[in-house]
Participant: 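I am attaching a structure below and will ask some questions about it afterwards.
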Amino acid sequence: MERIDSQTSGMSGEFLTVGKLFKRGIQASLTLGNAKSIDIFALNPRNGKNFNIQVKSLRKRNCFLIKREAIDPEHIYVFIILNKPEENEDYYIVKGSEILSDLNKFFGSCYSGENVSSMPAINYGPLRAYKDNWQIFE
């Protein structure tokens, strides 16, 4: 049952992000399938810029499990907390290059010291500065 919930959380986040992009006039295409490296391809028709987007979703506030090796500096990451169905989602939008430029800020102690975490994660705390950072697509 847990696997189904993580799949539905992930798909919910991807569809919601595509909807938010369309609402802002950004053309977006969801990629479907397993083991994909990009969740959404997007184009801003006003400036011709293309974006590769990775979406990480949680049902409630917690850490987003992700390894630094999985972060592409050219991608944009949308971290979304879905919240309860009657509540609005929280979106945190940041460039991969920003995450990689300050691993200690985003990952905390996951990669410092002698004991590297086997489950590295980004906490929502460092992401708060990127809440609703939709202008990244302009």
Participant: Tell me whether Ser9 contacts the main-chain N or O of Arg59 through its side chain, where contact means a donor paired with an acceptor under 3.5 Å.
Facilitator: no
Participant: Not counting sequence neighbours, which residues clear side-chain contact (heavy atoms from CB on, under 4.5 Å) with Glu69? List them please.
Facilitator: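 side-chain contact (heavy atoms from CB on, under 4.5 Å) list for Glu69, sorted by chain: Lys67, Tyr111.
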Participant: Rounded to the nearest 0.5 Å, what separation is found between the CD1 atom of Ile38 and the CG atom of Asp72?
Facilitator: 7.5 Å
Participant: Could you tell me if the ring centre of Tyr124 sits under 6.0 Å from that of Phe64?
Facilitator: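 Distance test on ring centres: not under 6.0 Å, no.
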Participant: Would a 4.5 Å heavy-atom cut-off, applied to side chains only, mark Ile71 and Phe107 as touching?
Facilitator: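 Sidechains of Phe107 and Ile71: in contact.
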Participant: I'd like to know if the side chain of Asn133 reaches the main chain of Ile93, judged simply by a donor and an acceptor atom lying under 3.5 Å from each other, with no hydrogens or angles considered.
Facilitator: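 It does hold such a pair.
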Participant: Among residues at least two apart in sequence or on other chains, which ones pass side-chain contact (heavy atoms from CB on, under 4.5 Å) with Asp90?
Facilitator: Ile81, Asn83, Tyr92, Lys131
Participant: State, to 0.1 Å, how close Glu138 and Asn47 come at their nearest heavy-atom pair, and which atoms those are.
Facilitator: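 Nearest pair, atom of Glu138 first, then Asn47: C-ND2, 3.2 Å.
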Participant: Applying side-chain contact (heavy atoms from CB on, under 4.5 Å), name anything that partners Lys20, two or more places apart in sequence or on another chain.
Facilitator: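 If we apply the side-chain contact (heavy atoms from CB on, under 4.5 Å) test to Lys20, skipping adjacent residues, the hits are Arg24, Tyr91, Trp134.
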Participant: Quick one: list whatever passes side-chain contact (heavy atoms from CB on, under 4.5 Å) with Ser97, sequence neighbours left out.
Facilitator: Pro73, Lys95
Participant: Just verifying a value: how many Å separate Phe51 CZ and Gln27 CD, rounded to the nearest 0.5 Å?
Facilitator: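 The CD atom of Gln27 is 12.0 Å from CZ of Phe51, to the nearest 0.5 Å.
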Participant: Any side-chain heavy atom of Ile53 sitting closer than 4.5 Å to one from Phe137?
Facilitator: yes
Participant: Using side chain to side chain contact (heavy atoms under 4.5 Å, CB included), reason through Asn52 and Glu74 one step at a time and then give a plain yes or no.
Facilitator: CA-CA 8 Å; Asn52 295 327; Glu74 302 298 319; 5.8 Å; no
Participant: Which value, rounded to the nearest 0.5 Å, describes the distance between Ile40 atom CD1 and His75 atom NE2?
Facilitator: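 Reported to 0.5 Å precision, the distance equals 12.0 Å.
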Participant: Counting distance only, does the side-chain N/O of Gln54 pair as donor-acceptor with the main-chain N or O of Asp39 below 3.5 Å?
Facilitator: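 Judged by distance alone, yes, a pair lies under 3.5 Å.
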Participant: Quick check: are there more than 12 heavy atoms from other residues, nucleotides or ligands sitting under 6.0 Å from CG of Asn50?
Facilitator: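 Counting other residues, nucleotides and ligands, CG of Asn50 exceeds 12 neighbours.
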Participant: How about Leu127 and Phe106: do any of their side-chain heavy atoms sit closer than 4.5 Å?
Facilitator: yes
Participant: Distance check, rounded to the nearest 0.5 Å: Ser12 atom OG versus Leu82 atom CG?
Facilitator: 5.5 Å
Participant: So, taking the atom named CD1 in Ile99 and the one named CG in Asp102, what distance separates them when rounded to the nearest 0.5 Å?
Facilitator: 10.5 Å
Participant: Side chains of Ile26 and Leu43, heavy atoms from C-beta outward: is any pair under 4.5 Å?
Facilitator: no
Participant: Among all residues two or more places apart in sequence or in another chain, which pass the side-chain hydrogen bond (donor to acceptor under 3.5 Å, both in side chains) test with Lys105?
Facilitator: Tyr130
Participant: Quick check: closest heavy atoms across Ala121 and Cys63, and the distance to 0.1 Å?
Facilitator: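 Taking every non-hydrogen atom into account, CB-CB, 3.6 Å.
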Participant: Quick one: name the residues clustered hydrophobically with Met119, using the 4.5 Å side-chain heavy-atom rule over I, L, V, M, F, W, Y, and just say none if it's on its own.
Facilitator: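 Reading the cluster by chain and number, Met119 sits alongside Leu65.
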Participant: Answer with yes or no whether the hydrophobic clustering places Ile80 together with Phe22; edges join I, L, V, M, F, W, Y residues whose side-chain heavy atoms lie under 4.5 Å apart.
Facilitator: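 As far as the 4.5 Å side-chain criterion goes, Phe22 and Ile80 are connected within one cluster.
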Participant: Side-chain contact test, heavy atoms from C-beta onward, threshold under 4.5 Å: evaluate it for Ile76 versus Ile136 and give yes or no.
Facilitator: yes
Participant: Could you measure the distance from the OH atom of Tyr77 to the CD1 atom of Ile122? Nearest 0.5 Å is fine.
Facilitator: 9.0 Å
